[in-house]
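Residue numbers start at 1 and run along the sequence shown. Both counts, for ligands and for their atoms, begin at 1 and track the order of listing.
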Amino acid sequence: MKELLFETKIQVFSVSEAPEIYRELIESAIDATANAYAPYSYLNVGAAVLLTNGKIIEGSNQENAAYPSGLCAERVALFSANTQYPDTKVLAIAVAAVTDGKQTNMITPCGACRQVLLEVEKRYQSPIKILLCGKKEIYMAESAASLLPLSFDGSGML
Ligand code: THU
């Protein structure tokens with residue numbers, strides 16, 4: 001028998017000490033919450049993706065009366081970025097949420113969004129910094145892979 005132990009490094013910054021290079025990205029994620037369509041959960045989520053060409057692409061959650069037909073902010077932003085700039089690497093994504101007019105504590109991407117982030121890391125052969133933006137603190141993960149141990153990456157498929 002052997003045991004495997006997975007560790008994930010998360011850096012936690014107060015909002016004021018967030019790394020300078022991500023300030024605009026964080027603001028963009030917060031701004032993007034204004035474009036959410038969330039009449040069912042009332043959780044307005046914004047995401048912003050930073051590309052190597054310096055562009056920031058925003059997304060927000062888009063809900064649907066048939067619940068599974070909606071999409072999270074992270075995937076809206078990532079798919080939009082990959083559609084507009086298919087040859088440009090993704091460096092980072094920031095996520096923020098607002099409910100009842102107030103920014104929430106940090107929220108974490110769902111499993112499906114982590115899987116999509118992982119695919120984007122695989123596609124561009126480059127880790128994506130993930131910034132989870134709460135009203136007081138920013139949590140930063142090194143990569144999607146670090147948030148999804150033992151993930152399915154397509155190995156085994158013909
Ligand atoms: N949601 C996101 O957009 N991103 C997350 O990281 C977590 C959840 C959305 C999906 C749904 O519209 C609402 O938040 C409640 O789950």
Engineer: Counting only non-hydrogen atoms of the protein, does one fall under 4.0 Å from atom 6 (O) of ligand 1?
Structural biologist: yes

Engineer: Quick check: do Thr8 and Leu147 have side-chain heavy atoms less than 4.5 Å from each other?
Structural biologist: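 A side-chain contact under 4.5 Å exists here.
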
Engineer: Can you list the ligand 1 atoms lying under 4.0 Å from a non-hydrogen atom of Pro109?
Structural biologist: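 This gives 6 (O) as the contact atoms.
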
Engineer: Closer than 4.0 Å to some heavy atom of Val45 - which atoms of ligand 1 meet that?
Structural biologist: 1 (N), 2 (C), 3 (O), 4 (N), 9 (C), 14 (O)

Engineer: Could you find the nearest protein heavy atom to atom 14 (O) of ligand 1 and give me its residue, atom name and distance?
Structural biologist: Asn61 ND2, 3.6 Å

Engineer: Can you pull out the closest protein heavy atom to atom 3 (O) of ligand 1? Residue, atom name and distance to 0.1 Å, please.
Structural biologist: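 Ranked first by proximity to atom 3 (O) of ligand 1 is Ala73 N, 2.9 Å.
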
Engineer: Could you go step by step and tell me if Val95 and Glu74 meet the side-chain contact (heavy atoms from CB on, under 4.5 Å) rule?
Structural biologist: CA-CA 7 Å; Val95 185; Glu74 293 92 324; 3.8 Å; yes

Engineer: Which of the atoms of ligand 1 are close to Thr108, meaning less than 4.0 Å from one of its heavy atoms?
Structural biologist: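 The atoms of ligand 1 under 4.0 Å from a heavy atom of Thr108 are 6 (O).
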
Engineer: When you measure from the side chain of Gln103 to the backbone N and O of Ala96, does any donor-acceptor pair fall under 3.5 Å?
Structural biologist: no

Engineer: Of the side chain and backbone of Ile107, name the one, both, or neither that has a heavy atom under 4.0 Å from an atom of ligand 1.
Structural biologist: side chain

Engineer: State, yes or no, whether a side-chain contact exists between Ile130 and Tyr139 at a heavy-atom distance under 4.5 Å.
Structural biologist: no

Engineer: Ignoring hydrogens and angles, tell me if any N or O in the side chain of Glu63 forms a donor-acceptor pair with the backbone of Tyr40 under 3.5 Å.
Structural biologist: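 Pair found, side chain donor or acceptor close to backbone of Tyr40.
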
Engineer: Side chain, backbone, both or neither: which applies to Ser41 and ligand 1 if a contact is any heavy-atom pair less than 4.0 Å apart?
Structural biologist: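 For Ser41, only side-chain atoms sit under 4.0 Å from ligand 1.
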
Engineer: Any non-hydrogen side-chain atom of Tyr124 less than 4.5 Å from a side-chain atom of Asn82?
Structural biologist: yes

Engineer: Tell me: protein heavy atom nearest atom 4 (N) of ligand 1, and distance?
Structural biologist: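 Going atom by atom, the protein heavy atom closest to atom 4 (N) of ligand 1 ends up being Glu74 OE1, 2.8 Å.
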
Engineer: Are any side-chain N or O atoms of Arg114 and backbone N or O atoms of Pro109, one a donor and one an acceptor, separated by less than 3.5 Å?
Structural biologist: yes

Engineer: Write out the residue and atom name of the closest protein heavy atom to atom 11 (C) of ligand 1, then the distance separating them to 0.1 Å.
Structural biologist: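 Protein heavy atom at minimum distance: Glu63 OE2, 3.2 Å.
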
Engineer: Is any side-chain heavy atom of Ser69 less than 4.5 Å from a side-chain heavy atom of Gln62?
Structural biologist: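 No, their side chains stay 4.5 Å or more apart.
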
Engineer: Which atoms of ligand 1 sit under 4.0 Å from any heavy atom of Leu43?
Structural biologist: 14 (O)

Engineer: Tell me the protein heavy atom at minimum distance from atom 8 (C) of ligand 1, and give that distance in Å.
Structural biologist: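 Residue, atom and distance for the closest contact: Cys72 SG, 4.3 Å.
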
